[in-house]
**Student:** 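Below is a structure I'd like to ask you about.
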Amino acid sequence: NPQLMKVLFLAGFQQGNCNLAATFVFSNLRVQYWGEQMSEYQSIASILISAVAVIFGGPFGRFSDAVDRRIAVGLFAAGTFLPGWTLQIFGETASGLWLSTVAQIIGSFGLTSNVMFTMATDVTNSADRELMA
């Protein structure tokens with residue numbers, strides 16, 4: 001299924017890029033600028049990310065059901081790329097790190113929606129969906 005291959009490739013590309021930035025860029029900046037408060041600040045950010053993801057997961061899922069799923073996938077991807085883009089704009093500075101952390105919190109609206117899995121289901125023939133799951 002060529003459409004499914006596209007979805008899987010884009011999902012992997014999206015996750016891979018976000019994970020690379022988190023591993024090699026954001027973690028070093030947190031050590032550099034947050035120092036001994038790194039665990040405290042990241043814990044607060046993680047709590048806020050989880051809250052936004054849970055609060056907006058259902059509404060975002062309903063939104064993705066109401067519009068063309070590709071639009072929802074694009075918004076989801078933009079939300080996950082938002083921290084990296086913010087850091088690109090404001091630079092690898094303390095304020096750039098704080099702004100990208102806020103962007104990460106804001107961009108987490110679709111993390112619990114499974115919109116990528118739903119898109120994969122949409123492009124898979126109904127007879128083949130049992131094999132996919």
Side-chain angles (χ1 to χ4, degrees):
N1 182 344
Q3 295 298 323
L4 180 59
M5 294 305 294
K6 289 178 191 176
V7 171
L8 293 176
F9 173 77
L10 291 174
F13 180 77
Q14 179 264 337
Q15 285 295 316
N17 280 309
C18 292
N19 289 337
L20 284 172
T23 302
F24 295 110
V25 179
F26 290 111
S27 58
N28 291 337
L29 289 176
R30 289 180 188 122
V31 169
Q32 182 178 354
Y33 292 113
W34 291 352
E36 292 183 15
Q37 289 81 29
M38 183 175 72
S39 294
E40 175 187 355
Y41 296 158
Q42 188 55 45
S43 295
I44 292 168
S46 294
I47 290 167
L48 294 172
I49 288 167
S50 296
V52 168
V54 168
I55 291 167
F56 290 101
F60 186 73
R62 286 188 294 281
F63 169 76
S64 75
D65 291 338
V67 300
D68 184 349
R69 188 95 57 211
R70 292 173 293 181
I71 293 170
V73 167
L75 286 173
F76 169 72
T80 57
F81 286 126
L82 189 59
W85 293 337
T86 303
L87 197 63
Q88 290 283 324
I89 293 167
F90 294 100
E92 295 182 12
T93 63
S95 48
L97 176 60
W98 280 109
L99 290 169
S100 68
T101 301
V102 169
Q104 185 180 19
I105 294 166
I106 293 168
S108 65
F109 57 84
L111 292 180
T112 59
S113 70
N114 288 327
V115 71
M116 295 302 278
F117 181 75
T118 307
M119 181 73 173
T121 302
D122 288 349
V123 299
T124 303
N125 295 328
S126 59
D128 296 333
R129 288 184 185 163
E130 184 175 320
L131 295 173
M132 186 181 81

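As the structure is a prediction and not an experimental result, all values here were calculated from the model. When a residue number appears, it is its place in the shown sequence, counting from 1.
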**Student:** Give a yes or no on whether Val115 and Leu10 share a hydrophobic cluster (residues Ile, Leu, Val, Met, Phe, Trp, Tyr; joining criterion: side-chain heavy atoms under 4.5 Å apart).
**Tutor:**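 They do not share one cluster, since no chain of ILVMFWY contacts under 4.5 Å joins Val115 to Leu10.
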**Student:** In Å and rounded to the nearest 0.5 Å, what is the CZ to CG distance from Phe56 to Leu111?
**Tutor:**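 Between atom CZ of Phe56 and atom CG of Leu111 there are 12.5 Å.
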**Student:** Donor-acceptor pair, Thr93 side chain versus Gly96 backbone, under 3.5 Å?
**Tutor:** yes
**Student:** Residues two or more places apart in sequence or in another chain: which of them pass ring-ring contact (aromatic ring centres under 6.0 Å, His included) with Trp85?
**Tutor:** Phe81
**Student:** Are Phe60 and Ile106 grouped together when hydrophobic residues (ILVMFWY) are joined by side-chain heavy atoms under 4.5 angstrom apart?
**Tutor:** no
**Student:** With distance as the sole test, does Ser100 use its side chain to make a donor-acceptor pair with the main-chain N or O of Thr86 at under 3.5 Å?
**Tutor:** no
**Student:** Please determine whether residues Met116 and Phe63 belong to a single hydrophobic cluster, defined as Ile, Leu, Val, Met, Phe, Trp and Tyr linked transitively by side-chain heavy-atom distances below 4.5 Å.
**Tutor:** yes
**Student:** Of all residues at least two apart in sequence or in a different chain, which pass the ring-ring contact (aromatic ring centres under 6.0 Å, His included) check with Tyr33?
**Tutor:** none
**Student:** Going from CD1 on Ile55 to CZ on Phe109, what distance comes out if it is rounded to the nearest 0.5 angstrom?
**Tutor:** 14.5 Å
**Student:** Which residues pass the ring-ring contact (aromatic ring centres under 6.0 Å, His included) test with Phe13, not counting sequence neighbours?
**Tutor:** none
**Student:** What distance do Ile49 atom CD1 and Thr101 atom OG1 have between them, rounded to the nearest 0.5 Å?
**Tutor:**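 Nearest 0.5 Å value for the CD1-OG1 distance: 8.0 Å.
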**Student:** Treating Ile, Leu, Val, Met, Phe, Trp and Tyr as nodes and any side-chain heavy-atom pair under 4.5 angstrom as an edge, say whether Trp34 and Leu87 lie in one connected cluster.
**Tutor:**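 The answer is yes; both residues are in one hydrophobic cluster.
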**Student:** If a pair satisfies side chain to side chain donor-acceptor pair (under 3.5 Å) and one of its residues is in residues 4-27, list it, with sequence neighbours excluded.
**Tutor:**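 As it turns out, the side chain to side chain donor-acceptor pair (under 3.5 Å) pairs with a partner in residues 4-27, which skip direct neighbours, are Gln14-Thr80.
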**Student:** Would you give the length of the straight line joining atom CZ of Phe117 to atom CG of Leu8, rounded to the nearest 0.5 angstrom?
**Tutor:** 10.5 Å
**Student:** I'd like a table of donor-acceptor pairs (distance under 3.5 Å, sequence neighbours excluded) in which one partner is a side-chain atom from residues 65-79, with atom names and distances.
**Tutor:**
| residue | atom | partner | partner atom | Å |
| --- | --- | --- | --- | --- |
| Asp65 | OD1 | Arg69 | NH1 | 2.9 |
| Asp68 | OD1 | Arg70 | N | 3.2 |
| Asp68 | OD1 | Arg70 | NE | 3.3 |
| Asp68 | OD2 | Arg70 | NE | 3.2 |
| Asp68 | OD2 | Arg70 | NH2 | 2.6 |
| Arg69 | NE | Asp122 | OD2 | 2.5 |
| Arg69 | NH1 | Ser64 | O | 2.9 |
| Arg69 | NH1 | Ser64 | OG | 3.3 |
| Arg69 | NH2 | Asp122 | OD2 | 3.2 |

**Student:** The test is ring-ring contact (aromatic ring centres under 6.0 Å, His included); show your working for Trp98 and Tyr41 and say whether it passes.
**Tutor:** CA-CA 10 Å; Trp98 280 109; Tyr41 296 158; 5.1 Å; yes
**Student:** Within a 6.0 Å radius of atom CD on Gln37, are there more than 12 heavy atoms belonging to other residues, nucleotides or ligands?
**Tutor:**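 Enclosed: over 12 neighbouring heavy atoms sit under 6.0 Å from CD of Gln37.
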**Student:** Output the distance between atom CG (Leu48) and atom CD1 (Ile105), rounded to the nearest 0.5 Å.
**Tutor:** 4.5 Å
**Student:** So which heavy atom on Val123 is nearest to which on Asn1, and how close?
**Tutor:** O-ND2, 2.6 Å
**Student:** Could you tell me which non-hydrogen atom of Gly57 sits nearest to which non-hydrogen atom of Ser113, and how far apart they are?
**Tutor:**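 Scanning both residues, the minimum pair turns out to be O-CB, 3.9 Å.
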**Student:** What pairs with Arg62 under salt bridge (charged side-chain N to carboxylate O under 4.0 Å, His left out), at least two apart in sequence or on another chain?
**Tutor:**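 Applying salt bridge (charged side-chain N to carboxylate O under 4.0 Å, His left out) to Arg62 gives none.
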**Student:** If you count heavy atoms of other groups shown closer than 6.0 angstrom to CZ of Phe26, is the number above 12?
**Tutor:**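 It does: Phe26 CZ has more than 12 such atoms within range.
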**Student:** Starting at CE of Met119, measure out to OG1 of Thr124 and round the result to the nearest 0.5 Å.
**Tutor:**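 Met119 atom CE to Thr124 atom OG1 measures 10.5 Å (nearest 0.5 Å).
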